[in-house]
Amino acid sequence: MQKGHGIGRSVALNWIALVVSIGVAFFLSPFVVHRLGNVAYGIWTLVNSMNAYMGLLDLGMRGAVTRFVSRYHSQDEHLQSSRAVSAAFWLRAGIGLIVVTCALVLPSIAISMFQISGEMQMATRWTFGVAGISFAVTLAFGVFGGVLAALQRFDLLSGVGIVQTALRAAGVVWLLKSGHGIVSLAVWELIVVVIANIALTTLSLRVYRELQLLFRPPDSATLRQLWGFSSYLLLVNVCGQIIYYTDNVVVGAFVSAGAVTFFTIAGGLIEYARRVVAALGGILFSLASSLDAQGQHTELRRLVIQGTRATLLVGLPIQVALFFGGHTFIGLWVGPEYASISGRILQILVVAQALAVANYTSFNVVCGLGKHKPVALMGLAEAAANLLLSIVLVRQIGLEGVAWGTVIPSMAIHLLFWPKYICKIIEMPVRDYVWNAWMRSALAVAPFGFACYLADRFWVPVSLLYFFIHIAVLCSTLLVGILVSFPDEVYKQVRRRQSSFGGSLGVTLGLVKRAE
């Protein structure tokens, strides 16, 4: 298991890459929307949504590669590592060829389903085709990213991610300023994807020099081993894709391609907030596995409580700020014409996301313990309800109906299923878990929420700079809330820091005195 500083370093590296990615998307999104226009941007979003669905063809294999390579590498069983990586690579490469074939068929379906106008149909066909090739490359060579994760080389993964983000952004700006459209964006994305995957493959083979890519069909025993771990992860991923990406498809099919832009702006902000919390995911997963293997059940319960508090204290203030100030932010960020509609959709979606943040730690712990079968089945029920309600409600109340179709099933699952299930696994009373993990964190954020409500009514910023200053000022109330809700924990941390500082000071003074 990683030491404390190792965990912190991994999280910090993940967050650095995330900040770069979100920062680039933040400044780039309004530029892309206005340069492409609602229709072209809506088509570009639909292409990316289709690729997200094809991501299900990973079959959960990257997670399996990370798990087995980590275990085999620590046991010096390098041949077993090579077999696992090779089996996953050749399986995903074969699926990649199927993806490229499907990319030739999907445009016709999309043109008919989403009522794409005649002047955009050829561009849609080419964009789908090139995007399919990009995804096939990522699918096949993505196993080497799993190898680096297994070896805990988050520095290399983050470095490649940052360079990939920078290259993508530079190309997008140049292409759109030069008057190019979505086809050129897709070609540039393919070039960047090839460069990034060559880098990941080279780095993983250099870091793990004993690893070999075996040029023979994978044996059935290795495939059974990989599939035994990844099958329910696949079902979880399938449900996640339906829940998070079906909305754009429903909007495009039942409203219009242009309306997708309004929904995507709100959904994009939700995605950024989710990724902030997701930076903890791999760390929590591996910690839960290690604690369970060592029989440290008390520490496992502590991980659930402390991890839930951490994710809520990081994620919940973001959700609160988006709920009260999201419409203002969207107006300043993308344009006032998007503020009202996208802002209202954002408020609805935030409700579901806040509950998901509350159970994010529990999800990773359950997966780390290998007890995610019930999670997959409940996810399947949520995904089905999400799709059905979205289709029904979009006919009744339009775009907001799609958002409510996401929120209602999510609330049911996160409130009724998750607390009981995680408490059953870690053998803790539900009341203790809800109070110590959920309620105390919510109370800590409450003053910040009230301050955001008042600010939205009486202090409206006139630029993005003032908006961020506005949020920074309001964050002082969050600190007050944490001090009031967690006085003992804050006191212990302060005492620990003082002891650490005092010990370091004593050592330093001793060395100085000895030198004299």
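Everything numeric in this text was worked out from a predicted model, so none of it was measured.
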Q: Start with the C-alpha gap between V193 and Q164, add the side-chain angles, then the distance that decides, and say whether side-chain contact (heavy atoms from CB on, under 4.5 Å) holds.
A: CA-CA 8 Å; V193 162; Q164 184 175 0; 4.2 Å; yes
Q: Report the C-alpha separation of V250 and L387 in whole Å, then their side-chain angles, then the decisive distance to 0.1 Å, and conclude whether the side-chain contact (heavy atoms from CB on, under 4.5 Å) test is met.
A: CA-CA 8 Å; V250 172; L387 180 59; 4.2 Å; yes
Q: Go through the steps for I425 and L300 under the test side-chain contact (heavy atoms from CB on, under 4.5 Å), then give the verdict.
A: CA-CA 10 Å; I425 289 175; L300 187 61; 5.6 Å; no
**Q.** F448/L474 under side-chain contact (heavy atoms from CB on, under 4.5 Å): CA gap, chis, key distance, verdict
**A.** CA-CA 7 Å; F448 176 75; L474 297 180; 3.9 Å; yes
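One finds the CD1 atom of I426 at 9.0 Å from the CG atom of L303 (value rounded to the nearest 0.5 Å). For the atom pair CD of Q396 and CD1 of I391, the computed distance is 13.0 Å after rounding to the nearest 0.5 Å. Distance check, rounded to the nearest 0.5 Å: CZ of R302 to CE of M428 gives 12.0 Å. Taken from CG in L454 to OG1 in T477, the straight-line distance is 10.0 Å, to the nearest 0.5 Å. We find the CD1-CD1 distance between I265 and I270 to be 13.5 Å, quoted to the nearest 0.5 Å. The distance from the CD1 atom of I341 to the CG atom of L399 is 7.0 Å, given to the nearest 0.5 Å.
With contacts defined as side-chain heavy-atom distances shorter than 4.5 Å, the pair F324/Q319 does not qualify. Between L464 and F329, some side-chain heavy-atom pair lies under the 4.5 Å cut-off. Looking only at side-chain heavy atoms (C-beta outward), L478 and P447 stay at 4.5 Å or farther from each other. For the pair T264 and V251, the minimum side-chain heavy-atom distance is 4.5 Å or more. No side-chain heavy atom of F135 sits less than 4.5 Å from a side-chain heavy atom of L190. Under the 4.5 Å side-chain criterion, counting only non-hydrogen atoms from C-beta, R35 is not in contact with Y41. Two residues are said to be in side-chain contact when any heavy atoms from C-beta on lie closer than 4.5 Å; L312 and V357 meet this criterion. Side-chain atoms of I330 and L269, non-hydrogen and from C-beta on, do get closer than 4.5 Å to each other.
Using a distance-only test at 3.5 Å, with no hydrogens or angles considered, a donor-acceptor pair links the side chain of S476 to the main chain of V473. W188 places a side-chain N or O within donor-acceptor distance of the main-chain N or O of L167, the cut-off being under 3.5 Å. D456 places no side-chain N or O within 3.5 Å of a backbone atom of C452 that could act as its donor or acceptor partner. Proximity of a side-chain donor or acceptor of N359 to a complementary backbone N or O of W418 within less than 3.5 Å is not detected. In this structure, the side chain of R440 engages the main chain of S485 through a donor-acceptor pair within 3.5 Å. Side-chain atoms of R309 come within 3.5 Å of backbone N or O of N436 as a donor-acceptor pair. Between the S184 side chain and the H180 main chain, no donor and acceptor come within less than 3.5 Å of each other. In this structure a side-chain-to-backbone donor-acceptor pair under 3.5 Å is missing from S410 to T406.
V320 approaches G449 most closely through the heavy-atom pair CG1-CA, 3.4 Å. In terms of heavy-atom proximity, G326 sits nearest to L346 at CA-CD2, 3.6 Å. Across all non-hydrogen atoms, the minimal contact from I345 to A266 is CG2-CB, 3.8 Å. Annotation for V402 and S390: closest pair O-OG, 3.5 Å, computed over non-hydrogen atoms. A pairwise comparison of heavy atoms in A358 and Y433 identifies O-OH, 4.0 Å as the closest pair. In terms of heavy atoms, L235 sits closest to A376 at CD2-CB, 3.6 Å.
Listed by chain and residue number, Y338 satisfy the ring-ring contact (aromatic ring centres under 6.0 Å, His included) test with F262 (two or more places apart in sequence, or in another chain).
A tilted orientation is assigned to the rings of F363 and Y360, their planes being inclined by 30° to 60°.
When the shell of 6.0 Å around CZ of F417 is examined, it contains more than 12 heavy atoms from other residues, nucleotides or ligands. Counting heavy atoms of neighbouring residues, nucleotides and ligands inside a 6.0 Å radius, atom OH of Y466 does not exceed 12 of them.
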